[in-house]
Amino acid sequence: MSVKDKPPRSRSRLIANILFSIAGLFLLINLLFPQLFGNPIPRVPYSLFIDQVEDGKVSRVSVGQNEIIYELKGEEGQPGQYLRTTPIFDLELPKRLEAKGIEFAAAPPPKNSWVGNILGWVIPPLIFVAIWQFFLGRAGGGGPQGALSFTKSKARVYVEEDANKVTFDDVAGVEEAKAELAEIVEFLKTPQRYKAIGARIPRGVLLVGPPGTGKTLLAKAVAGEAGVPFFSISGSEFVELFVGAGAARVRDLFEQAKKKAPCIIFIDELDAIGKSRAGSGFIGGNDEREQTLNQLLTELDGFSAGDATVIVLAATNRPETLDPALLRPGRFDRQVLVDRPDLAGRLKILEIYAAKIKLDVDVDLKQVATRTPGFAGADLANLVNEAALLAARNQREKVTQADFYEAIERVVAGLEKKSRVLNDKEKQIVAYHEVGHALVGAVMPGGGKVQKISIVPRGMAALGYTLQMPTEDRFLLSESELRDQITTLLGGRAAEEIVFGSITTGASNDLQRATDLAERMVTAYGMSKVLGPLAYEKGQQTNFLGDGMMNPRRMVSDDTAKAIDEEVKEIVETAHQKALAILKHNRDLLEEIAQKILEVEVIEGEELQNLLDRARLPEQVPATV
Ligand code: ADP
Ligand code: MG
Ligand code: ZN
């Protein structure tokens with residue numbers, strides 16, 4: 001908040017406080033001393049009143065529901081004293097009064113004095129206003145023009161002029177993302193060129209990737225490359241806002257951005273606003289977030305063709321939680337993956353940060369990059385700084401290789417909890433496992449062509465992966481192709497068995513998928529000779545059992561169930577033996593590729609094809625167990 005805002009804000013505070021105090025004081029006085037505003041008449045016991053009536057001392061009585069007020073006879077025509085008493089339930093009273101010839105009447109409902117009356121009407125609204133003012137003041141920088149302008153003044157927007165200093169040169173190891181974003185830069189620089197052809201300029205680009213991989217940095221770099229202003233806001237800022245303020249802020253953000261177009265709006269941590277509405281457990285969900293999200297959707301849709309070029313970049317590391325409405329065409333329909341860097345990428349990032357410190361001649365950054373698989377850009381930046389700190393602490397002028405190694409250990413210790421940094425043994429297992437998939441896949445044509453092997457922990461789940469792509473679009477698969485796929489799935493586990501003689505938990509997903517496929521071959525596709533062409537699966541239809549579990553299978557006899565299990569087991573086990581046979585036959589090649597991938601982490605393209613072309617099918621593949 002700027003200094004200018006201060007006086008009006010503290011003034012409204014002051015007013016609120018004064019109102020509070022006055023209101024409180026009046027209420028207190030009215031409660032404690034009602035007679036000040038009401039009746040200063042002395043109260044007497046009822047028995048005394050009756051005595052005075054019997055003694056003929058009373059001249060007039062006014063009987064109310066809760067109170068009796070009466071006047072004593074005055075001396076020589078003077079008005080007498082007024083007294084009051086609290087009545088008891090006394091049906092005889094009128095008779096007594098009549099008998100003594102006392103003037104009496106029912107009193108009108110008790111009336112407060114005018115002061116009390118006015119206060120009763122005026123104070124409650126004042127209190128509400130005061131409370132309102134008070135909370136507005138707290139919600140952040142109370143508006144000087146009063147209540148109606150508050151939403152507008154709440155919308156803080158950051159224009160980072162010096163973001164223009166960041167360029168693509170400051171970002172490394174995410175070459176694919178940079179290439180895709182280079183196009184966005186073109187849009188921003190020369191929108192006319194695209195509009196002249198009638199092309200719709202993309203509006204929303206979502207940067208997806210693990211934390212610290214440089215999403216925020218990339219967004220700034222796009223602005224820097226294009227030389228346009230950069231409006232940035234973080235999703236988490238919206239979360240704790242006053243109801244309605246989030247939506248107002250979004251509206252303001254877009255309004256201001258349009259005035260400065262061409263420009264970039266960057267919404268960091270989009271998942272904080274954009275969580276799937278369907279998934280928000282409670283009935284009613286989170287209203288504030290929902291309103292903010294709806295406003296964002298409205299703004300994204302609100303650009304018209306003639307509008308100035310405003311490109312909305314957003315970042316998230318949890319794309320799976322986003323509301324699908326955000327990803328529809330015309331909104332964040334472009335997604336750019338910003339992943340952890342591979343060896344070459346890590347080296348480049350290290351070079352960027354090492355250029356800023358003094359290095360000893362013995363420093364070999366390639367070695368550092370080799371030892372840091374799984375590190376994101378932020379981890380590497382941190383690593384270089386740690387190394388420099390170590391050197392400085394030991395009064396050295398330059399950073400040595402040993403400093404780097406020690407820094408790696410420190411960073412890894414910190415990382416272990418939050419991400420997967422593999423130790424050497426694990427890395428070896430992953431390498432052989434993935435090469436196992438690749439080799440089996442290479443000689444089993446049913447699964448498609450192996451495109452890439454990687455042991456860089458990628459994305460959110462896999463430790464390594466083997467990318468296999470069908471060579472053509474396939475809709476029908478033959479039995480032998482399915483068997484090939486199952487064999488390839490088991491290749492990873494088979495490699496672990498052959499090389500290490502033991503198996504790890506890393507293969508469980510493979511086994512799951514292989515077993516599922518085999519089961520479908522038997523129960524859905526009728527590919528089993530024993531069970532024949534019967535569909536034991538019930539298709540889409542669901543069949544609820546008593547305990548709420550679903551039973552996708554037709555009711556079958558125990559014998560059939562047993563036969564299905566045996567068939568599934570036979571298919572998987574045959575595939576397993578086949579995978580083992582293939583890998584044993586190509587043992588040397590397995591070794592060669594595994595060593596290679598441990599060195600470079602990623603093998604793809606022609607290099608990979610040349611290696612895999614050397615794989616051979618053994619003459620005798622076990623047909624069945
Ligand atoms: P994210 O937004 O993906 O969580 P940031 O962009 O905030 O990550 O990265 C934090 C810091 O880490 C950056 O400011 C930068 O110093 C460094 N960094 C991260 N990724 C890279 C990269 N690919 N190249 C260079 N520096 C990076
Ligand atoms: Mg970030
Ligand atoms: Zn696997």
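Numbering of ligands and ligand atoms starts at 1, following listing order. Please read all numbers here as calculations on a predicted model, not as lab measurements.
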In terms of its nearest heavy atom to atom 25 (C) of ligand 1, the top option of D170, L380, D339, I352 is D170

Option nearest atom 8 (O) of ligand 1 (shortest heavy-atom distance, choices A221, A219, A378, G214):
G214

[atom]: the protein heavy-atom neighbour that sits closest, reported with distance to 0.1 Å:
| atom | answer |
| --- | --- |
| atom 6 (O) of ligand 1 | L217 N, 2.9 Å |
| atom 21 (C) of ligand 1 | G377 CA, 3.7 Å |
| atom 16 (O) of ligand 1 | Y353 OH, 2.6 Å |
| atom 2 (O) of ligand 1 | T216 OG1, 2.6 Å |

Do [X] and [Y] have side chains that get closer than 4.5 Å, going by heavy atoms?
| X | Y | result |
| --- | --- | --- |
| V312 | F254 | yes |
| R493 | E497 | yes |
| E592 | D588 | no |
| L327 | D333 | no |

Applying salt bridge (Lys or Arg N to Asp or Glu O under 4.0 Å) to R334 and E183, what does each step give before you reach the verdict?
CA-CA 12 Å; R334 285 205 175 193; E183 203 187 355; 3.0 Å; yes

So, F266 versus F230, ring centres under 6.0 angstrom or not?
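Ring centres of F230 and F266 closer than 6.0 Å.
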
For E269 and T316, run side chain to side chain contact (heavy atoms under 4.5 Å, CB included): C-alpha distance rounded to whole Å, both residues' side-chain angles, the deciding distance at 0.1 Å, then the answer.
CA-CA 5 Å; E269 300 173 62; T316 180; over 6 Å; no

Counting heavy atoms under 4.0 Å, the part of I349 that contacts ligand 1 is side chain

Pick one of side chain, backbone, both or neither for how V338 approaches ligand 1, counting any non-hydrogen atom pair under 4.0 Å.
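Neither part.
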
Element-labelled atoms of ligand 1 that are located less than 4.0 Å from some non-hydrogen atom of P211
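Heavy-atom distances to P211 below 4.0 Å select 4 (O).
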
Check each atom of ligand 1 against the heavy atoms of K215 and keep those under 4.0 Å away; list them by number with element.
1 (P), 2 (O), 3 (O), 4 (O), 6 (O), 8 (O)

To check your reading of the site, what angle at the Zn ion (ligand 3) do OD2 of D510 and NE2 of H437 form, to 10°?
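Value returned, to the nearest 10°, is 90°.
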
Salt bridge (Lys or Arg N to Asp or Glu O under 4.0 Å) assessment of R587 paired with E591
CA-CA 6 Å; R587 185 72 171 82; E591 200 66 43; 2.8 Å; yes

With only distance considered, is A381 within less than 3.5 Å of ligand 1 through an N or O on each side?
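No, there is no polar N/O contact under 3.5 Å.
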
D268, any N or O under 3.5 Å of ligand 1 N or O
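No, D268 has no N/O under 3.5 Å of an N/O on ligand 1.
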
Between E479 and Y525, does any side-chain donor sit less than 3.5 Å from a side-chain acceptor?
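No - no donor-acceptor pair under 3.5 Å links their side chains.
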
Looking at ligand 1, would G212 count as a contact under a 4.0 Å heavy-atom criterion?
yes

Please confirm whether A172 approaches ligand 1 to less than 4.0 Å, judged on its heavy atoms.
yes

Is it true that atom CZ of R513 has more than 12 heavy atoms of other residues, nucleotides or ligands lying nearer than 6.0 Å?
no

